[in-house]
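Order of the sequence lines sets the chain letters (A, B, ...), proteins ahead of strands, with each chain counted from 1. Reckoned from all heavy atoms, side chains included, excluding hydrogens, waters and symmetry mates.
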Protein chains: 2
Amino acid sequence: MTGTERPALPVSRVLPAYQQVADQLRSLILSGELRAGDRLPSETELVTQFGVSRSTVREALRALTSRDLVHTRRGVTGGTFVSAVDARQVSAYLETSLGLMSGRDGLGVHDMLEAREILEVPSARLAAERRSEAHLEGLRQALRREVATEGRQGRFVEHRTFHQIVVDAAQNPLLSMMTEPLFRVLEAQFLRPEGIEGYYARVDEEHTAIFAAVEQGDADAAASLMATHLRWLREVYEV
Amino acid sequence: MTGTERPALPVSRVLPAYQQVADQLRSLILSGELRAGDRLPSETELVTQFGVSRSTVREALRALTSRDLVHTRRGVTGGTFVSAVDARQVSAYLETSLGLMSGRDGLGVHDMLEAREILEVPSARLAAERRSEAHLEGLRQALRREVATEGRQGRFVEHRTFHQIVVDAAQNPLLSMMTEPLFRVLEAQFLRPEGIEGYYARVDEEHTAIFAAVEQGDADAAASLMATHLRWLREVYEV
DNA sequence: TGACCCCAGATGTCAGACCTTTTACGGTCA
DNA sequence: TGACCGTAAAAGGTCTGACATCTGGGGTCA
């Protein structure tokens, strides 16, 4: 054992220049000094301001771009602009992350179905209280398509749509943001109920009942029907 | 009005080369062809494989790096390696995203407190059923520190710790992943209950009661106490 | 045997040139 | 006057080639 002990989790003391540039720009955005829509200095200006080469600046900007913090436009009125974070980006990120984590890190179908139930039952309750006419119309159409669609994959998409609209009707963007990736990952990776007798008929039936409760504004019924529905789905898929 | 209509949301048809390279590598990772720990070809090899310059390759890798899909190491045994996505990274991403969205996009304190209640009440129930001795010890220490700590900021950190451990004790990584950023954003941006008479005493009291229920494995009590606690907090902060 | 040095291979950084996209400007012509 | 068009300018996108720096391993030598 030499004089300098090697740590269990080594960190390099000197961060790469592109990392430092990215960090500084990022903290300007997070602190609110740069706000959505603001234009960052041009790459050439950043070169002189940071005293690094253009490649370094560009690598820093690329890192920020892929985090959806900024975006670039070409042309004379172009440049790098601070992005407005929006729910869709967050959902997309979560979808890929959950997809990669599923099966490892102790993240299994069970966890996803459990989280789904935790989120979706209260969402159904809120949906019954807050749904707009647009949501109701969306649910009606989803139900119609669900019954009409042929083929396994197509039905699944419609099922997801129905559940998603219910959550959206709760009018809390956080709930939509968290459930949407769950639905997609479950759909993409796990749900394969080909063998279950009467599966589609029961889904249609329960969706219809949930819709009725939401439409009538019956919060308790909506929550309870959704709870029953999801608990049955868990039984089906958690074998 | 000329012949070619300008779309409201213009998209460039031709994606930049670095974007295409990043997309291809990303889909290799998402499809599972490249798995956590695998080494990507060296930058020089990627140059020949994709037929683009090294700067382009590096910009693509930087984009993947900042999405936590890969990481790089220098030196002769270095290279670019596929990362194992972990919950902490996702939480960190969510924290910055929620922080940037809060106040805009219709994401307000109300939504965060509501989502928190939706997630945390069932978490308390599960915690009472699943908590390990380590969790209980963590809660004991958090409670002790909470009572002993002086100063507003310090108490808030301890409050957050207590709530976080309760959620962790539910043993569903998705719940921890979603609540942690919520706690931090709320703490950083909103919670300022300086004026409330007897605030700290009541928090301590209710935390103690929740702990007792979790310790005794009384799921119903844990859920109900947490619900009361959070509903009171909502009243305090939603003025 | 252990301390040291040096080499190889990978990422990190730089400089400078040129390409492509996009808008603004100004001139031409009906 | 107004529609059209061409060109300049500014910004990001790409390429090339060189050098710097880090890191592990293997060889050398006391």
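No more than 12 heavy-atom neighbours from other residues, nucleotides or ligands sit within 6.0 angstrom of CZ on B:R35.
One atom, CG of B:L46, and another, P of C:dG9, lie 18 Å apart when rounded to the nearest Å. The CD-C1' distance, from A:E59 to D:dG12, rounds to 15 Å in whole Å. Rounded to an integer number of Å, the gap from CZ of A:F81 to P of C:dT22 is 13 Å. Counting to the nearest Å, the P atom of C:dT13 and the CG atom of B:L61 are 14 Å from each other. Put simply, CD on A:E45 is 7 Å from P on D:dA11, counting in whole angstrom units. Rounded to an integer number of Å, the gap from A:H71 NE2 to D:dA11 P is 16 Å. Taking atom CZ on B:R62 and atom P on D:dT14, their separation rounds to 16 Å, with Å as the unit. Here the C1' atom of nucleotide C:dG12 and the CG atom of A:L15 are 13 Å apart, to the nearest Å.
The side chain of A:T72 contributes an N or O atom lying less than 4.0 Å from OP1 or OP2 of D:dG13. For the pair B:R58 and C:dG12, the criterion of a side-chain N or O lying under 4.0 Å from OP1 or OP2 is met. At D:dG25, none of the side-chain N or O atoms of B:T77 fall inside 4.0 Å of OP1 or OP2 (strictly under the cut-off). The phosphate of C:dT13 has neither OP1 nor OP2 within less than 4.0 Å of any side-chain N or O from A:R54. Residue A:Y18 places at least one side-chain N or O under 4.0 Å from the OP1 or OP2 atom of C:dG12.
Donor-acceptor pairing under 3.5 Å is lacking for the side chains of A:T56 and A:E59.
Rounded to the nearest 0.5 angstrom, B:Y237 OH and B:L113 CG are separated by 9.0 Å.
Ranked by how close their nearest DNA chain D nucleotide is to the 5' end, B:S55 and A:S42 are led by A:S42. Looking at which nucleotide of DNA chain C each of A:V47 and A:R73 is closest to, the 5′-most match is held by A:V47. DNA chain C is contacted by both A:S53 and B:G78; B:G78 maps to the nucleotide lying nearer its 5′ end (nearest heavy atom per residue).
Counting non-hydrogen atoms under 4.0 angstrom, A:T56 reaches the backbone sugars and phosphates but no base.
Counting distance only, with no hydrogens placed and no angle test, the side-chain atoms of B:R74 and the base atoms of D:dG24 include no donor-acceptor pair under 3.5 Å.
Salt-bridge formation is not detected for the pair A:R88/A:E95: no Lys NZ or Arg NE/NH1/NH2 atom is positioned less than 4.0 Å from an Asp or Glu carboxylate oxygen. Using a 4.0 Å cut-off between charged nitrogen and carboxylate oxygen, A:E158 and A:R144 do not count as a salt-bridge pair.
Nearest to the side-chain atoms of B:V76 among the listed nucleotides D:dT14, C:dG9, C:dT11 stands C:dG9. The side chain of A:V52 lies closest to C:dC14 when the candidates are C:dA10, C:dG12, C:dC14.
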